[in-house]
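Beneath this line is the structure, given in structure tokens, with notes to follow.
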Amino acid sequence: MKLNRQEKEIVRKKFCTYCIKVLHGEALNYLDELQRQREREVSFSELLQKDLDALYSYDDYELAENFTVLGKQVSVRDEWISEALKKLPEKKREIILMLYFLDMTEKEIAACLKLVQSTVHYHKDDSLRLLRKLME
């Protein structure tokens, strides 16, 4: 079917009009959907604290192994590490717990245990070597 220039122009205008109507209808549908969404949903920033607290729960299972060092309770939550620590001799375990769980320096540990700092360093290195071997 061959169309002349005037007929092609009429078809183009009708197609453009059709596209505009379709896009206008889609825009209206989108705006209606946004309105329905606003009616159903509430922004987190608009919620009161008591409502926010009701949205989640937190289970804190005390699966931590507790060790006592210098009269303080040290909790080790990783079962693998706590089992390896239990297998260490007491002095070595205390030094590791003081270093890595109580954030003490070798110098502070030496003062607490009345040892030379080099002895603490030796026990630390030996303990880490043993832990590595136990955890392999």
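Start at 1 with the first residue, then count along the sequence.
Counted within 6.0 Å of CD on Gln6, heavy atoms from surrounding residues, nucleotides or ligands total 12 or fewer; the atom is thus considered open. For CZ of Arg5, the number of neighbouring non-hydrogen atoms (other residues, nucleotides, ligands) closer than 6.0 Å is 12 at most.
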I would like to know whether Glu33 and Arg36 meet salt bridge (Lys or Arg N to Asp or Glu O under 4.0 Å); could you show each step before the answer? CA-CA 5 Å; Glu33 179 60 32; Arg36 283 191 296 275; 2.8 Å; yes

Check the pair Val76, Leu97 against side chain to side chain contact (heavy atoms under 4.5 Å, CB included), reporting the backbone distance first and the verdict last. CA-CA 9 Å; Val76 179; Leu97 290 170; 4.2 Å; yes

Applying side chain to side chain contact (heavy atoms under 4.5 Å, CB included) to Gln35 and Leu31, what does each step give before you reach the verdict? CA-CA 6 Å; Gln35 182 60 37; Leu31 293 173; over 6 Å; no

Show your reasoning for whether side chain to side chain contact (heavy atoms under 4.5 Å, CB included) applies to Leu99 and Glu106. CA-CA 7 Å; Leu99 274 167; Glu106 288 181 5; 4.2 Å; yes

Can Phe67 and Ser82 be said to form a side chain to side chain contact (heavy atoms under 4.5 Å, CB included), step by step? CA-CA 9 Å; Phe67 296 93; Ser82 64; 4.2 Å; yes

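In this structure, Glu108 contributes its side chain and Thr105 its backbone to a donor-acceptor pair below 3.5 Å. Within the 3.5 Å criterion, the main-chain N or O of His123 finds a donor-acceptor partner in the side chain of Ser127. A donor-acceptor contact shorter than 3.5 Å is absent between the side chain of Glu41 and the backbone of Arg38.
Using a 4.5 Å heavy-atom threshold, the side chains of Lys72 and Thr68 count as separate. Side-chain contact between Val74 and Asn66 is absent, with no heavy atoms from C-beta onward closer than 4.5 Å. With a 4.5 Å cut-off on side-chain heavy atoms, Glu90 and Ile95 do not count as touching.
There is no path of hydrophobic side-chain contacts, each under 4.5 Å, that joins Ile109 to Tyr122. The hydrophobic clustering, which links ILVMFWY residues whose side-chain heavy atoms are closer than 4.5 Å, places Ile20 and Leu28 apart. Under the 4.5 Å side-chain contact rule for hydrophobic residues, Leu48 and Phe44 do not share a cluster. Linking ILVMFWY residues whenever their side-chain heavy atoms come closer than 4.5 Å, directly or via other members, leaves Val11 and Tyr18 in distinct clusters. In this structure, Leu23 is not a member of the same hydrophobic cluster as Leu34, with clusters built from ILVMFWY side-chain heavy atoms closer than 4.5 Å.
In this structure, CG in Leu131 is found 12.5 Å from NZ in Lys124, a value given to the nearest 0.5 Å. Interatomic distance, Asp53 CG to Gln49 CD, rounded to the nearest 0.5 Å: 4.5 Å. To the nearest 0.5 Å, atom CG of residue Leu85 and atom CG of residue Leu130 are 11.5 Å apart.
Scanning both residues, Glu46 and Val42, for their nearest heavy atoms gives OE1-CG1, 3.7 Å. Contact detail for Met135 and Ile81: the closest heavy-atom pair is CE-CG1, 3.7 Å. Nearest heavy-atom pair across Leu113 and Met98 is CD2-CE, 3.8 Å.
Using a 4.0 Å cut-off between charged side-chain N and carboxylate O, Glu9 and Arg12 make a salt bridge. Looking at Glu65 and Lys86, a side-chain N of the basic residue comes within less than 4.0 Å of a carboxylate O on the acidic one, giving a salt bridge.
For the residue pair Arg40 / Gln37, no side-chain donor-acceptor distance below 3.5 Å is found, with atom types taken as modelled.
Of the candidates Glu83, Lys87, Arg129, Lys87 is the only one forming a side-chain contact (heavy atoms from CB on, under 4.5 Å) with Leu134.
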